[in-house]
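Computation of the quantities below employed the complete heavy-atom set of this structure, encompassing side-chain atoms and omitting hydrogens, waters and symmetry-equivalent molecules.
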Amino acid sequence: MAAVIAGWFAFGGAGSSSAVASQTGPVTVRLIERFKSKSEENRFGLLEFVGGIEFSSSDSRLQSLSSIRFRPDGRHFVSVLDTGNWLTGAIERDGRGRISGLSDLSIEPILLRGGRPGSKTEADAEGLALRQGQAIVSFEQQHRVDVYPDPGFETSPPVRSLDFLIPRKELRRNAGMETVVASPQSSPLKGGIVVVGERSLDENGNLYAAILDGPLKGRFTVVRHDPFDATDGAFLPNGDLILLERRFSMLGGVGMRMRRIKAADIHPGAVVDGEMLIEADMGAEIDNMEGIDVVTGTDGAPHLILVSDDNGNFFQRNVMLEFRLLQ
């Protein structure tokens, strides 16, 4: 049975925080009302910052979010943690429509073949796609793309694995397939699953990527702009791919950016690049940004929701940020 972490939370003002006791310990949420802490600016090119939250818990399992996918209602979500767990729950919104809390959070171990939980090495989950009764997870270290039943993934081992097309020897141990995402059925990829490597590079320094099934099945590559690595992706309704990227250095800390890759550019043999939507450093409310999904807002516009991976580190944060795409 899933362990319930918390009920739902609602908070009243900028920077406010609260904690609600639960079976597994308190969860604290702080509102993020400004993307840049020292600026009132909320427009960044084609993106408008809507709001966000920082969340934490005394339950050590609530950490290391690697990918997030929302259900069609735009509220309930499924996430994979690189500690080898599923996280499910829902977001809550305040009267202005901004994310204000989390509800119905539960955690279950990701089961391996044979029905047992895996070690960190065996179950290092990095990417997640939801498609037509399937929860599809990419793993690194022991590189694979496994398919779980949906509903039922919390209590089921994988039902099969997908051929990920990228030569296994080209996948770096800790920089493999961070991105796995299902394309829209209405797009040229017709619902095909796409994977992108974090920092597994071909001879030209481009990121390995592949379309795993569908009419355009095959490999392609994504131009890498050093020092950024790909951490997740999400498709817009028109089939364009939003690629989330991260950089890290001891001197510069973490950075984040997003690129928009046109739907028509993604096909076997292609070398794709895209328009940069935003780039941010530690002057913004970011951390180790690893997950992204697209939901439709009540305004009818695509909204991008991002989550960070705190690596279970006291000096890092779990944050969830929301942007409206203006065109």
* Asked: How is the hydrophobic cluster of Ile110 composed, in terms of its other members, when Ile, Leu, Val, Met, Phe, Trp and Tyr link through side-chain heavy atoms under 4.5 Å apart, directly or indirectly?
  -> Val78, Val80, Trp86, Leu128, Leu130, Val137, Phe139, Tyr148, Phe153

* To do: Share the residues that join Phe315 in a hydrophobic cluster, the rule being Ile, Leu, Val, Met, Phe, Trp or Tyr side chains under 4.5 Å apart at the heavy-atom level.
  => Phe314

Could [X] and [Y] be called an ion pair, given the rule that one side-chain N must be under 4.0 Å from one carboxylate O?
{"X": "Asp213", "Y": "Lys217", "result": "no"}
{"X": "Arg75", "Y": "Glu92", "result": "yes"}
{"X": "Asp59", "Y": "Arg61", "result": "yes"}
{"X": "Arg144", "Y": "Glu122", "result": "no"}
{"X": "Asp150", "Y": "Arg131", "result": "no"}
{"X": "Arg317", "Y": "Glu285", "result": "yes"}

* Take Ser100 and Leu31 through the side-chain contact (heavy atoms from CB on, under 4.5 Å) test and state the conclusion after the steps. => CA-CA 7 Å; Ser100 59; Leu31 296 182; 4.2 Å; yes

* Asked: By ring-ring contact (aromatic ring centres under 6.0 Å, His included), which residues pair with Phe70, not counting sequence neighbours?
  -> Phe77

* To do: Would you please name every residue forming a ring-ring contact (aromatic ring centres under 6.0 Å, His included) with Phe49, sequence neighbours left out?
  => Phe35, Phe323

* Candidates Thr231, Asn288, Asp229 - the one meeting side-chain hydrogen bond (donor to acceptor under 3.5 Å, both in side chains) with Arg246 -> Asn288

* Asked: With a 4.5 Å limit on heavy-atom distance, are the side chains of Thr121 and Arg173 in contact?
  -> yes

* Asked: Is any side-chain heavy atom of Met320 closer than 4.5 Å to a side-chain heavy atom of Leu306?
  -> no

* **Closest non-hydrogen atom pair between Met256 and Ile286, with its separation** => N-CD1, 3.8 Å

Which donor-acceptor pairs under 3.5 Å do the side chains of residues 155-162 make with protein atoms, sequence neighbours left out?
residue: Ser161; atom: OG; partner: Arg113; partner atom: NH2; Å: 3.1
residue: Ser161; atom: OG; partner: Asp146; partner atom: OD1; Å: 2.6

* Verify side-chain contact (heavy atoms from CB on, under 4.5 Å) between Glu279 and Met258, making sure each step is shown before the conclusion. => CA-CA 7 Å; Glu279 183 173 336; Met258 287 184 274; over 6 Å; no

Could you tabulate the donor-acceptor pairs under 3.5 Å formed by side-chain atoms of residues 263-277, not counting sequence neighbours?
residue: Asp273; atom: OD1; partner: His225; partner atom: NE2; Å: 3.2
residue: Asp273; atom: OD1; partner: Arg259; partner atom: NH1; Å: 2.7
residue: Asp273; atom: OD2; partner: His225; partner atom: NE2; Å: 3.0

